Each structure stands twice: as structure tokens, then as C-alpha cells.
Amino acid sequence: MKKILFIIDELELKYFEFNRLVTNFWLIKCLLDRGFEVYITVKGLLYLEGNMPFAKAYKSISKDNNIFKDDNMLTICLNEFDTIFMRPDPPVDIDYINATYILDYVDKNTLILNSPKALRDFNEKLYINKFPNLAPQNIVSANKNIIKEFLFKEEEIIIKPLNRCFSSGVFYLNKDDKNINAIIDTATNNGKTQVMVQKFLKGILKGDKRLIFIGGEIFEYAVRKVATNNDFKFNEHVKENLIRGDLTREEKLIEKEISKTLLEDGVYIAGLDVIDGKIIEINITSPCFFINEINSIYGINFENIVTDKILNVMEHAKKELTARV
């Protein structure tokens, strides 16, 4: 029987049971129902003894159409797992980076999704610039004058912190705003912290679309995340703000543009946020697949489709490893 480990967020561990809004709930439940042994831990419970990687972990159980964790904390060598899912939420801070260093010591026979090196090397905001034809006009800077010059050129911009998620710390600015200096100072920590500055895309008024990428494929099922109340951005996970987001012809072509690069970089699982045919962000840490919403919108069991693809990725990776040996 194959053993799988999910490294999840601390808050998610605390409220592990019954949380159907969380992508990990569906993946873990589906894998358990298919006969896999699934364990969960958090990055603070990873550790090394010399060059041997371990985790304090809990065994997951599927029962009565829900998932639970056994209360007994186990000590398990990470080399015992066939696959490890590294899925804590940002911020990608020093604790997150240190966890990826521990994962570097995991035996190569264990597949890690996504690879620790990729999680360190590719910032979710900056990664779009590997695909300049698909990225909106943007700069990365902590300098107020550089940011203001970009603002006056583009007239409307979005300022994003580089290491947060779920629209945290994101600002909209237009050239006529009366608080330009104050907003830039706040976003950049008074010129000390680099931020991503993107041209404002008008399509955000209809919501950005989450495209789901697994193993080189972008699925045809997607949701559009529309703005919350009077905000310009989606920042509240409620049903009313998640609507059907069928892919356009332009969006279907994105797969051909990005797949080879992402797979070569060790990114097997990602969530692409798209507006007006442009990728505004490539989520590789803990991408949400909105499985609960897609099931409701499309009338499918999307967790089975996603799990099938992930198992295919796992099998393909094992074959590649065997071929190299």
C-alpha cells in the first residue's frame, strides 16, 4: 500500500475535519477512499537527524463521508513515503524556506509535489515573467520614484506583496489618487521591501479566472473569482463570488505555452490566475482548485478527475526515475 504525506497549513491542521472548502480535504479523502495510507503534518514538525529527514505526523482516516486524523502523533522517516505534497499557505518566509531545505534530504525515490527547489526558486508573483508574452506589463521595485513613473505611464496599477496570498496586502492605484505616496510607502515598507507592480487590467471588474494545471494539462473546468462587495478584488471564499469560468480559445492555448517549462522546473501542480488572457499569478505553493464549487457548477465529481491526473503524474515520475536508474 502506498504511503502519502500532506504537509498542510497550521490552521488547516487545527480544523482538519469537515472542511470541504479546502482542496486538501478532497485530495486526501479521494486518496483514502482508493486505499492509500495518507498522513498529515505541518512544516514545523519536519526535522533532520543528521542527514535523515523525519516528521511528526498524524494518520488520516476516511469515515462517514468525512476525513479525520488519528490523535496519536507518529514519528515517520520521510523516505518511507511514495509521494509528499508540500502545501502550506504563504507567506513564503524563512520558516517555509527552512522546511524546503529539510525536504532536500528526502530520498530521490520519493516524489515531492511541487519540488522544494521550485518552491524556493520561483516566486508566485515573479514566475509570470518567465512567460513575457502572457504576462501583463509589470515592474518589481521598492523604489517610490520607479513605481510612480510606472503609475503615471500606465495610469492605473496594482501593487502586490511578493510573498502573501489571497489578495492580502494588494492595492489599486490610479494616477489621480490623493494618497499615492502613502500607499506606496505602506506597500514597500517605506522603500525597504520589493513589490510587484502590474498594469491594471480592466477585465478584473468581471473577476479573474483560476485555471488548474496538473502534470502538463490545464483542465476545461474553471471558476471565475469575482470581487467581494465594493472591492476590486476577490478576497472572501463565498459561493456568490465564485461563478462558472469556461475557458476561452485564448486561455486554452496557454497550456502549450507554459507546460514544458513548468514541468522542467519541477512544478507539477499550479493554479493560474488569468485576466484578459494574461497570467497575473502562478500559484505553486498551495493552489486552491475550488473543487467544491466546480462540483456544484458543473455537476461533476472533480476530485476524482484531479486525483486521476495526480496519480498519473506520480506513476509517470516513478517510471522516469526507474529509467534513469
Side-chain angles (χ1 to χ4, degrees), residues 89-92 122-211 222-238 241-243 245 248 250-251 254 258 270-288 290:
D89 291 335
V92 180
F122 305 115
N123 177 276
E124 294 187 319
K125 309 297 191 295
L126 298 179
Y127 202 17
I128 62 172
N129 285 325
K130 270 213 167 188
F131 312 98
N133 294 333
L134 294 172
Q137 292 293 112
N138 70 86
I139 60 170
V140 177
S141 177
N143 184 277
K144 184 189 298 183
N145 293 329
I146 292 173
I147 295 172
K148 288 169 70 173
E149 182 180 346
F150 185 80
L151 167 61
F152 294 130
K153 175 189 171 189
E154 300 296 342
E155 300 188 347
E156 294 179 282
I157 61 172
I158 299 295
I159 303 178
K160 302 178 178 181
L162 295 178
N163 69 340
R164 297 194 218 167
C165 66
F166 210 55
S167 298
S168 174
V170 177
F171 292 97
Y172 163 84
L173 260 181
N174 70 64
K175 64 181 180 59
D176 298 319
D177 199 294
K178 302 303 182 184
N179 296 292
I180 289 174
N181 290 328
I183 289 174
I184 294 175
D185 286 342
T186 299
T188 64
N189 190 23
N190 294 312
K192 301 183 188 72
T193 304
Q194 306 279 353
V195 292
M196 165 72 79
V197 186
Q198 291 179 353
K199 176 181 179 178
F200 179 76
L201 301 175
K202 303 290 186 182
I204 188 59
L205 301 176
K206 296 180 180 179
D208 63 299
K209 197 176 293 184
R210 170 58 57 88
L211 274 55
V223 295
R224 180 178 286 129
K225 302 173 288 173
V226 298
T228 303
N229 298 323
N230 294 321
D231 209 331
F232 72 92
K233 59 187 181 293
F234 169 86
N235 58 13
E236 189 176 355
H237 195 139
V238 294
N241 298 109
L242 293 160
I243 62 175
T248 65
E250 186 179 30
E251 289 163 348
I254 290 175
I258 69 166
L272 315 176
D273 290 331
V274 177
I275 303 172
D276 296 338
K278 299 291 185 181
I279 305 174
I280 62 166
E281 194 166 320
I282 302 178
N283 300 275
I284 65 173
T285 52
S286 57
C288 178
F290 298 101

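Source: prediction; values computed, not measured. Heavy atoms only: backbone and side chains are in, while hydrogens, waters and symmetry mates are out.
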(message) Leu173 and side chain to side chain contact (heavy atoms under 4.5 Å, CB included): which single residue from Ile147, Ile157, Ile158, Asn179 fits?
(response) Ile157
(message) Using the rule given for side-chain contact (heavy atoms from CB on, under 4.5 Å), can you reason through Lys160 versus Glu281, listing the C-alpha separation, both sets of side-chain angles and the distance that settles it, and then say yes or no?
(response) CA-CA 10 Å; Lys160 302 178 178 181; Glu281 194 166 320; 3.7 Å; yes
(request) List the atom of Gly191, the atom of Thr188, and the distance in Å for their closest heavy-atom pair. (result) N-OG1, 2.9 Å
(message) Measuring from atom NZ of Lys225 to atom CG of Asn241, what distance do you get when rounded to the nearest 0.5 angstrom?
(response) 11.5 Å
(request) Check whether any side-chain heavy atom of Ile282 sits under 4.5 Å from a side-chain heavy atom of Phe131, and report yes or no. (result) yes
(request) Salt-bridge test for Asp208 and Arg224: reply yes if a basic N is under 4.0 Å from a carboxylate O, no otherwise. (result) no
(request) Kindly indicate whether the side chain of Phe152, heavy atoms from C-beta on, has any atom under 4.5 Å from the side chain of Ile180. (result) yes
(request) Say whether, by atom type as modelled, one donor and one acceptor occur between the side chain of Asn123 and the main chain of Leu126 under 3.5 angstrom. (result) yes
(message) If we check side chain to side chain donor-acceptor pair (under 3.5 Å) with Glu156, which of these qualifies: Lys199, Lys202, Lys175?
(response) Lys202
(message) Measuring from atom CD1 of Ile139 to atom CG of Asn129, what distance do you get when rounded to the nearest 0.5 angstrom?
(response) 11.0 Å
(message) Checking the side chain of Lys125 only, and the main-chain atoms of Ile280 only, is there a donor and an acceptor separated by less than 3.5 Å?
(response) no
(message) So Asn163 and Pro91, do their side chains get closer than 4.5 Å, heavy atoms only?
(response) yes
(message) Taking Cys288's backbone N and O only, do any of them form a donor-acceptor pair with Arg210's side chain (distance below 3.5 Å, no angle check)?
(response) yes
(request) Check the pair Phe171 / Thr186 against side-chain contact (heavy atoms from CB on, under 4.5 Å), numbers first and verdict last. (result) CA-CA 10 Å; Phe171 292 97; Thr186 299; 4.0 Å; yes
(request) Please report the C-alpha distance between Asn181 and Lys148 in whole Å, then the side-chain angles of each, then the deciding distance to 0.1 Å, and finally whether the side-chain contact (heavy atoms from CB on, under 4.5 Å) criterion is met. (result) CA-CA 9 Å; Asn181 290 328; Lys148 288 169 70 173; 3.0 Å; yes
(message) If we ignore hydrogens and angles and just use 3.5 Å, is the side chain of Asp276 paired with the main-chain N or O of Lys278 as donor and acceptor?
(response) no
(message) Could you report the tightest heavy-atom contact between Gly277 and Ile254, atom names first, then the distance?
(response) O-CD1, 4.4 Å
(request) To the nearest 0.5 Å, tell me how far Leu272 CG sits from Lys209 NZ. (result) 12.0 Å
(request) Nearest 0.5 Å please: distance from the CZ atom of Phe200 over to the CD1 atom of Ile275. (result) 8.0 Å
(message) Do Pro136 and Ile279 make a side-chain contact, defined as non-hydrogen atoms from C-beta onward lying under 4.5 Å apart?
(response) no
(message) Could you measure the distance from the CD atom of Glu124 to the CG atom of Leu162? Nearest 0.5 Å is fine.
(response) 11.0 Å
(request) Could you tell me whether a side-chain N or O of Gln198 sits under 3.5 Å from a main-chain N or O of Asn138, the two making a donor and an acceptor? (result) no
(message) What's the separation between atom CG in Asp273 and atom CD1 in Ile128, rounded to the nearest 0.5 Å?
(response) 10.5 Å
